[in-house]
Structures are given as C-alpha cells and as structure tokens.
Asks: 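Sharing a structure below in structure tokens format, with a few things to ask.
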Amino acid sequence: MFQFSFSFEQETYDLQLSYNKENDQLMDIYIVRLSDRQMQWLYTVDEEKGELYPNDLQTYLDTKIEIGDWLTLDLPEGYTLGDYRGDIGYCGGALISPRVYVPKIEDSFSPLHWNYAGFVGKVSAPEDVFVFENGKLNPDRFPRSNHSTELPVGIMDTVTPGSGWVTLLVRGCHDLYTAADLCELEQNGEDLSSLETESNYWYFYFVKEDGHEAYVLSLSAKEFTKAEAVSIAQTVQMAED
C-alpha cells in the first residue's frame with residue numbers, strides 16, 4: 001500500500017493506493033480527510049465489472065458531513081455533541097462528551113463510542129438489518145456487536161422523531177477489556193475488582209420502513225436513567241422532516 005498526503009482549503013487528506021503484488025495490478029484508490037476521518041473510494045477493481053470510478057473527487061472535497069444534516073437533538077447541560085467522524089460507531093457519527101469510561105489499557109480494543117456519554121451515528125445497510133413485518137418493526141432485529149450483550153427493550157411509541165419513523169430501544173452491555181487484557185492487568189498487580197470492566201448504554205434506533213437510512217442515538221446508562229434517556233430521545237428530529 002502507498003500513501004500520500006496533501007492539503008486543500010485548510011484540510012489535510014491522505015490518498016491511499018493498494019495493489020496486487022502477484023500481478024502488479026492497481027486495486028484500490030481511496031481518500032481520507034484527517035479532520036473527520038471521512039473516506040471515499042475513487043477507484044476499485046470489480047471481478048465482474050472491471051475498473052470502476054464510483055465517486056467524483058471534487059464532489060468529495062467540497063462536501064463535509066454535519067450531524068445536523070441527519071438530525072437535531074437537545075442535550076442536558078454538561079453534555080456536548082462533537083463533530084462528525086467517519087470512524088465513529090457503525091458507519092460514522094459523533095461522540096457525546098464527556099468520556100465516562102477510561103480503560104487502563106493504552107489503545108484499548110473497545111471503540112470510542114463504548115467509552116463516551118453517548119454518540120449519534122448512521123447505521124449501514126439498514127434494509128439488511130431491520131425487518132418490518134406487516135408494517136411493524138421486528139424488535140429482535142438490530143445491529144449486534146462482538147464482546148457485547150444487547151437486548152431489545154421494545155418499540156418506543158412515545159419517541160417520534162418524524163413522520164414514518166419508528167424508534168426501537170435496546171439495552172447494550174459492552175466489554176471494555178478482552179480476557180487477555182484482564183490477565184495482563186492482573187499479572188501487573190492491578191486489582192480487577194476495582195475496575196469498571198463493562199460499559200452500559202441505551203440505544204435508540206430510528207428506522208423507516210423501506211428507508212435507505214437509519215440512525216442511532218446511544219446514551220450511557222451510567223449517566224442517564226431510562227426515563228432520562230427517553231426524555232433526550234424525545235427531542236430528536238430528523239432533518240429530512
């Protein structure tokens with residue numbers, strides 16, 4: 001893989017290229033904006049279709065995602081929604097500060113949205129994740145994560161972010177350490193009983209039948225009771241509505 005950096009209108013970008021060493025064939029070209037980690041494919045090779053140029057570079061350079069393009073919400077005093085980052089959550093999003101869990105392992109495996117007060121994000125390929133049956137959302141179908149236990153609470157009729165949107169509430173519990181991490185910490189003299197080894201969240205999934213986009217709001221159960229989380233979710237409004 002080759003990587004080049006360049007600047008454009010006060011932003012820095014990485015342009016990355018990969019190739020097949022066996023036949024010295026160029027395989028992929030993609031660009032990453034460092035400020036928000038937003039990535040775009042510019043060139044790839046498809047086994048059936050051959051060379052593809054799926055996206056226009058100038059359009060990408062001129063476009064920067066803002067969470068307000070997706071939805072708006074009101075957070076209690078002391079909590080702030082950050083800027084969009086392409087490497088947050090399932091498919092890009094923004095963290096809700098402050099950070100409320102800080103694992104004692106540098107570069108912990110746990111993703112950042114398992115560490116902060118919450119996050120707002122987009123769900124990739126929602127048509128393949130969520131299922132509507134006779135017009136009703138199946139509460140047992142939602143995104144799942146490794147190192148996690150996630151249980152549906154149910155459809156929240158009191159949370160209506162816009163016309164046609166359905167809200168599913170899920171309770172998630174995530175490991176902040178792997179078994180190997182805990183073993184290493186214990187061998188180094190760490191008292192494991194004093195560690196927070198899990199993080200707990202309320203997940204509100206906003207879904208529309210036959211919709212091509214779905215969104216999620218997570219809120220830390222350490223910071224918010226269920227009633228408080230529902231109250232925040234009730235402030236969500238979809239931008240398209």
Asks: Yes or no on side-chain contact (heavy atoms from CB on, under 4.5 Å) for Val170 and Leu151, after CA distance, side-chain angles and deciding distance?
Replies: CA-CA 6 Å; Val170 172; Leu151 299 173; 5.8 Å; no
Asks: Measuring only between side-chain heavy atoms, which start at C-beta, is Ile96 closer than 4.5 Å to Thr80?
Replies: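 Not in contact.
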Asks: Please list, chain by chain and in numerical order, all residues satisfying ring pair (Phe, Tyr, Trp, His ring centres under 6.0 Å) with Tyr84, sequence neighbours excluded.
Replies: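 Expected list: Trp70.
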Asks: Anything under 3.5 Å between a donor and an acceptor, one on a side chain of residues 118-128, the other on a protein residue two or more places apart or in another chain? List them.
Replies:
from: Lys122; atom 1: NZ; to: Glu213; atom 2: OE1; distance (Å): 3.4

Asks: Could you state whether Trp114 and Tyr90 fall into the same hydrophobic cluster, counting links through intermediate Ile, Leu, Val, Met, Phe, Trp or Tyr residues with side-chain heavy atoms under 4.5 angstrom apart?
Replies: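 Looking at the clustering, Tyr90 is in the same group as Trp114.
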Asks: Decide yes or no for Pro161 and Phe204: does some side-chain heavy atom of the first lie under 4.5 Å from some side-chain heavy atom of the second?
Replies: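 No, side chains not in contact.
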Asks: Does a donor on one side chain and an acceptor on the other come within less than 3.5 Å for Asn115 and Ser110?
Replies: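 Yes, a side-chain donor-acceptor pair sits under 3.5 Å.
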Asks: Please report the C-alpha distance between Arg85 and Leu112 in whole Å, then the side-chain angles of each, then the deciding distance to 0.1 Å, and finally whether the side-chain contact (heavy atoms from CB on, under 4.5 Å) criterion is met.
Replies: CA-CA 11 Å; Arg85 287 175 50 177; Leu112 284 176; 3.9 Å; yes
Asks: Do Leu95 and His113 come close enough that some side-chain heavy atom pair is under 4.5 Å?
Replies: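 The answer is yes; the side chains approach within 4.5 Å.
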Asks: Is there a donor-acceptor pair closer than 3.5 Å between any side-chain N or O of Asp175 and the backbone N or O of Tyr177?
Replies: no
Asks: For the atom pair CG (Asp181) and CD1 (Ile105), what is the distance rounded to the nearest 0.5 Å?
Replies: 4.5 Å
Asks: If Ile, Leu, Val, Met, Phe, Trp and Tyr residues are connected whenever their side-chain heavy atoms lie under 4.5 Å apart, and connections chain through other members, are Val207 and Ile67 in the same group?
Replies: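 In one cluster: no.
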Asks: Out of curiosity, Asp83 CG to Glu66 CD, how far, rounded to the nearest 0.5 Å?
Replies: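 Those atoms lie 6.5 Å apart.
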Asks: Looking only at non-hydrogen atoms, find the nearest pair between Lys104 and Leu185 and report the distance.
Replies: O-CD2, 3.9 Å
Asks: I need the Tyr116 OH to Ser218 OG distance, nearest 0.5 Å.
Replies: 12.5 Å
Asks: Find the distance between OG1 (Thr178) and CD (Glu184) and round it off to the nearest 0.5 Å.
Replies: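 Here the interatomic distance stands at 8.5 Å.
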Asks: Arg171 versus Asn200: any side-chain heavy-atom pair under 4.5 Å?
Replies: yes
Asks: Listing request: all ring pair (Phe, Tyr, Trp, His ring centres under 6.0 Å) pairs with a residue in residues 138-163, at least two apart in sequence or in separate chains.
Replies: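 Sorted result for residues 138-163: Phe109-His147.
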Asks: Taking Asn188 for the side chain and Glu190 for the main chain, is one N or O donor matched with an acceptor at less than 3.5 Å?
Replies: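 Not at all, since once roles are kept as given, no pair shorter than 3.5 Å links the two residues.
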Asks: Determine, stepwise, if the pair Leu26 / Tyr43 fulfils side-chain contact (heavy atoms from CB on, under 4.5 Å).
Replies: CA-CA 9 Å; Leu26 179 65; Tyr43 169 88; 3.7 Å; yes
Asks: Between Ser145 and Ser148, is there a donor-acceptor pair closer than 3.5 Å when you use the side chain of the first and the backbone of the second?
Replies: no
Asks: Considering all heavy atoms of both residues, which atom of Met156 and which atom of Leu169 are nearest to each other, and what is their separation?
Replies: CG-CB, 3.6 Å
Asks: If I take atom CG from residue Leu34 and atom OG1 from residue Thr12, how far apart are they, to the nearest 0.5 angstrom?
Replies: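 Between atom CG of Leu34 and atom OG1 of Thr12 there are 6.0 Å.
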Asks: Side-chain heavy atoms under 4.5 angstrom apart, residues restricted to Ile, Leu, Val, Met, Phe, Trp, Tyr: same cluster for Val153 and Val131?
Replies: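 No, Val153 does not connect to Val131 through the hydrophobic network.
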Asks: Give a yes or no on whether Met39 and Ile88 share a hydrophobic cluster (residues Ile, Leu, Val, Met, Phe, Trp, Tyr; joining criterion: side-chain heavy atoms under 4.5 Å apart).
Replies: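 Different hydrophobic clusters.
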Asks: Is the His174 to Tyr203 ring centre distance short of 6.0 Å?
Replies: yes
Asks: I would like to know whether Val236 and Val159 meet side-chain contact (heavy atoms from CB on, under 4.5 Å); could you show each step before the answer?
Replies: CA-CA 8 Å; Val236 172; Val159 181; 5.8 Å; no
Asks: Which distance, rounded to the nearest 0.5 Å, do you find between the CD of Glu223 and the CH2 of Trp202?
Replies: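 Taking CD in Glu223 and CH2 in Trp202, the distance rounds to 14.0 Å.
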Asks: Sequence neighbours left out, what passes salt bridge (charged side-chain N to carboxylate O under 4.0 Å, His left out) with Glu150? Give chain and number order.
Replies: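 Glu150 satisfies salt bridge (charged side-chain N to carboxylate O under 4.0 Å, His left out) with no other residue.
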Asks: Under the side-chain contact (heavy atoms from CB on, under 4.5 Å) test, which residues partner Lys136, sequence neighbours left out?
Replies: none
Asks: Does the separation of the ring centres of Phe224 and Tyr79 fall below 6.0 angstrom?
Replies: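 Between Phe224 and Tyr79, the centre distance is under 6.0 Å.
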Asks: If you look at every heavy atom in Val129 and Arg141, which pair is closest and at what distance?
Replies: O-CB, 3.5 Å
Asks: Identify the two heavy atoms, one from Pro139 and one from Ile155, that lie closest to each other, and give their separation to 0.1 Å.
Replies: CB-CD1, 4.4 Å
Asks: What is the minimum heavy-atom distance between Glu196 and Leu176, and which atoms define it?
Replies: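 Distance-wise, the nearest heavy atoms are O-CD1, 3.5 Å.
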Asks: Counting distance only, does the side-chain N/O of Thr160 pair as donor-acceptor with the main-chain N or O of Gly162 below 3.5 Å?
Replies: no
Asks: In chain order, what residues pass the salt bridge (charged side-chain N to carboxylate O under 4.0 Å, His left out) check against Asp74, with sequence neighbours excluded?
Replies: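 Salt bridge (charged side-chain N to carboxylate O under 4.0 Å, His left out) list for Asp74, sorted by chain: empty.
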Asks: Between Leu137 and Leu168, is any pair of side-chain heavy atoms under 4.5 Å apart?
Replies: yes
Asks: What heavy-atom pair brings Glu228 and Thr225 nearest, and what distance separates the two atoms?
Replies: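 Distance-wise, the nearest heavy atoms are OE1-N, 2.9 Å.
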Asks: Can you confirm if the aromatic rings of Tyr215 and Phe206 lie within a centre distance of less than 6.0 Å?
Replies: no
Asks: Among the clusters formed by ILVMFWY side chains lying less than 4.5 Å apart, do Phe132 and Met238 turn up in the same one?
Replies: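 Different clusters.
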Asks: For Leu192, is there any backbone N or O sitting under 3.5 Å from a side-chain donor or acceptor partner on Ser194?
Replies: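 Between the backbone of Leu192 and the side chain of Ser194 there is no qualifying donor-acceptor contact (under 3.5 Å).
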